[in-house]
Enquirer: 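Here it is, the structure, as structure tokens.
We name chains A, B, ... by the order of the sequence lines, and we start the count at 1 in each one. The figures here come from the full heavy-atom set of this structure, side chains too, leaving out hydrogens, waters and symmetry mates.
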Protein chains: 2
Amino acid sequence: MPTHFKGDSGTKRALNAFINLSRASNSVQTRLSAGLDRHGITTSQLGILEALFHLGPMCQRALGDKLLRSGGNITMVIDNLEKHGLVERVRQKDDRRMIMIHLTPKGRKLISRVLPLHAKDVVKEMSRLTASEQEELRRLCRKLGRGGEVNLENEHGNSERKTKEKENDTSSTQ
Amino acid sequence: MPTHFKGDSGTKRALNAFINLSRASNSVQTRLSAGLDRHGITTSQLGILEALFHLGPMCQRALGDKLLRSGGNITMVIDNLEKHGLVERVRQKDDRRMIMIHLTPKGRKLISRVLPLHAKDVVKEMSRLTASEQEELRRLCRKLGRGGEVNLENEHGNSERKTKEKENDTSSTQ
DNA sequence: CATCAATCGTTTAACATCAAACTATCTATA
DNA sequence: TATAGATAGTTTGATGTTAAACGATTGATG
């Protein structure tokens with residue numbers, strides 16, 4: 001009963017690697033979101049606030065692309081942020097399909113206060129690994145990332161430079 | 001604008017490790033759940049079906065402990081499994097608070113068919129890493145697992161044996 | 001100019017998730 | 001025995017998530 005799998009060792013290895021990957025991600029995520037609780041925001045909300053803070057006002061479509069979330073999801077999370085007075089929707093005049101999301105002063109204040117604290121929490125969580133272990137973990141995880149190394153999105157049409165793949169922005173979510 | 005963080009390199013390293021950990025877990029999870037879609041079940045449902053298949057009938061509390069989910073969540077997922085005729089609730093006679101969850105023949109048939117296919121999918125996903133990379137990933141992820149190595153739950157009171165920590169069961173979820 | 005296709009955001013339905021309040025049941029103990 | 005506390009499961013309310021259908025707006029093309 002406690003064996004649970006009668007496959008070859010290669011299968012066991014893959015299953016174990018996957019299970020521990022999932023558990024680690026979930027564990028860290030859960031502990032970090034407890035930290036965010038103290039500031040009254042969720043992980044999803046942090047993602048949006050951080051993007052707005054670092055990149056400036058964006059339309060919902062762009063936020064969805066950046067955070068890898070569906071349009072409907074972005075609508076919902078922004079609804080909640082708006083209820084709390086942290087962002088506001090501004091309908092574009094030139095293209096009335098588009099709505100730019102702006103941080104309110106309250107939202108800007110909050111995110112600029114929370115971000116360093118959250119980063120500190122992340123550092124604390126990851127400090128269970130040494131520096132080189134963190135780099136190794138990153139390297140291994142990258143190989144498991146988005147299917148087939150797509151990267152077919154130049155964000156805002158800077159198609160003249162075939163630059164450095166972007167790959168990482170050192171944001172504190174996702 | 002593209003720098004996004006003006007912290008020391010240790011902070012950057014931790015943030016990058018964390019981001020890539022989350023993304024890897026999410027990516028793999030998303031691709032695997034597309035595979036489960038073909039069998040009409042979700043990841044959560046798979047977790048419960050698999051536990052029942054490997055461990056036999058269990059009460060909801062035990063399932064929640066095993067899968068690290070809240071009681072309310074278990075109730076909901078089992079509701080859906082029951083709707084689909086894959087499990088059934090059996091009220092205990094000796095202790096009427098308790099409800100044992102059983103696989104139906106249909107549920108047993110489904111999970112015994114799906115499990116090997118799902119395992120194969122996991123192997124395929126993880127094959128982006130070599131065998132030793134998988135083992136290294138597992139090792140690193142374990143260090144990030146549940147806070148402080150708690151393990152304060154002997155499941156069903158087998159408190160006489162201080163046995164081998166249990167740690168891993170080679171299941172294909174979680 | 002009219003229409004059609006693309007794009008943006010919203011809504012809906014289904015599932016997941018948690019915490020907290022609640023019901024039912026059991027156990028210990030006074 | 002009666003009552004209080006523990007335990008199992010459900011319900012509720014909030015959030016997040018997707019996919020699909022939908023409405024509004026824009027742009028292109030005949």
Enquirer: Begin with the C-alpha distance, continue with both residues' side-chain angles, and end with the deciding distance and a verdict on side-chain contact (heavy atoms from CB on, under 4.5 Å) for B/H84 and B/L110.
Expert: CA-CA 11 Å; B/H84 296 150; B/L110 177 72; over 6 Å; no
Enquirer: Output every pair passing salt bridge (Lys or Arg N to Asp or Glu O under 4.0 Å) with a member in residues 108-127 of chain B, not counting sequence neighbours, ordered by first then second residue.
Expert: B/R31-B/E125
Enquirer: Just the atom pairs and distances: protein N or O near nucleotides 13-16 of chain C's N or O, under 3.5 Å.
Expert:
| from | atom 1 | to | atom 2 | distance (Å) |
| --- | --- | --- | --- | --- |
| C/dA16 | OP1 | B/T42 | OG1 | 2.2 |
| C/dA16 | OP2 | B/N80 | ND2 | 3.1 |
| C/dA16 | O3' | B/S44 | OG | 3.2 |

Enquirer: Look at B/Q60 and D/dT10 and indicate whether a side-chain polar atom (N or O) is within less than 4.0 Å of OP1 or OP2.
Expert: yes
Enquirer: I'd like to know if the side chain of B/T104 and the backbone of B/G85 have a donor-acceptor N/O pair within less than 3.5 Å.
Expert: yes
Enquirer: Need to verify one output field. Residue with the more 5' nearest nucleotide on DNA chain D, A/K93 or A/G71?
Expert: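 Final value for this comparison: A/G71.
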Enquirer: Rounded to whole angstrom units, what separation is found between the CZ atom of A/R96 and the P atom of C/dG9?
Expert: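 Atom CZ in A/R96 sits about 13 Å away from atom P in C/dG9.
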Enquirer: May I ask you to say whether A/R139 pairs ionically with A/E136, meaning some side-chain N is under 4.0 Å from a carboxylate O?
Expert: yes
Enquirer: Just how far, in rounded Å, is C1' of C/dT10 from CZ of A/R61?
Expert: 15 Å
Enquirer: Starting at NZ of A/K66 and ending at P of C/dC8, how long is that distance when rounded to a whole Å?
Expert: 18 Å
Enquirer: What's the CG-C1' distance between B/N26 and D/dG16, to the nearest Å?
Expert: 13 Å
Enquirer: Does A/T75 make a side-chain N or O approach to OP1 or OP2 of C/dT10 shorter than 4.0 Å?
Expert: yes
Enquirer: Out of curiosity, does A/L81 fall in the hydrophobic cluster containing A/F53 (side-chain heavy atoms, cut-off under 4.5 Å, transitive links)?
Expert: yes
Enquirer: Round to a whole Å and report the spacing from CZ of B/R89 to C1' of D/dG9.
Expert: 8 Å
Enquirer: May I have the distance from A/L68 (atom CG) to D/dT17 (atom P), rounded to whole angstrom?
Expert: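 Distance check: A/L68 CG to D/dT17 P gives 11 Å.
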Enquirer: Between B/R97 and C/dC26, is there a contact of a side-chain N or O with OP1 or OP2 at under 4.0 Å?
Expert: no
Enquirer: Distance check needed: C/dA28 P versus B/D95 CG, whole Å only.
Expert: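 Going from CG in B/D95 over to P in C/dA28 covers 12 Å.
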Enquirer: Working to the nearest 0.5 Å, report the span between NZ of A/K143 and CG of B/L129.
Expert: 6.0 Å
Enquirer: Can you name the residues that form a salt bridge (Lys or Arg N to Asp or Glu O under 4.0 Å) with A/R89, not counting sequence neighbours?
Expert: A/D79, A/E82
Enquirer: Nearest whole Å is fine: how far is C/dG9 P from A/D65 CG?
Expert: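 After rounding, the reported distance stands at 10 Å.
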Enquirer: Identify whether any heavy atom of A/R91 sits under 4.0 Å from a base atom; if not, whether one sits that close to sugar-phosphate; answer base, sugar-phosphate or nothing.
Expert: nothing
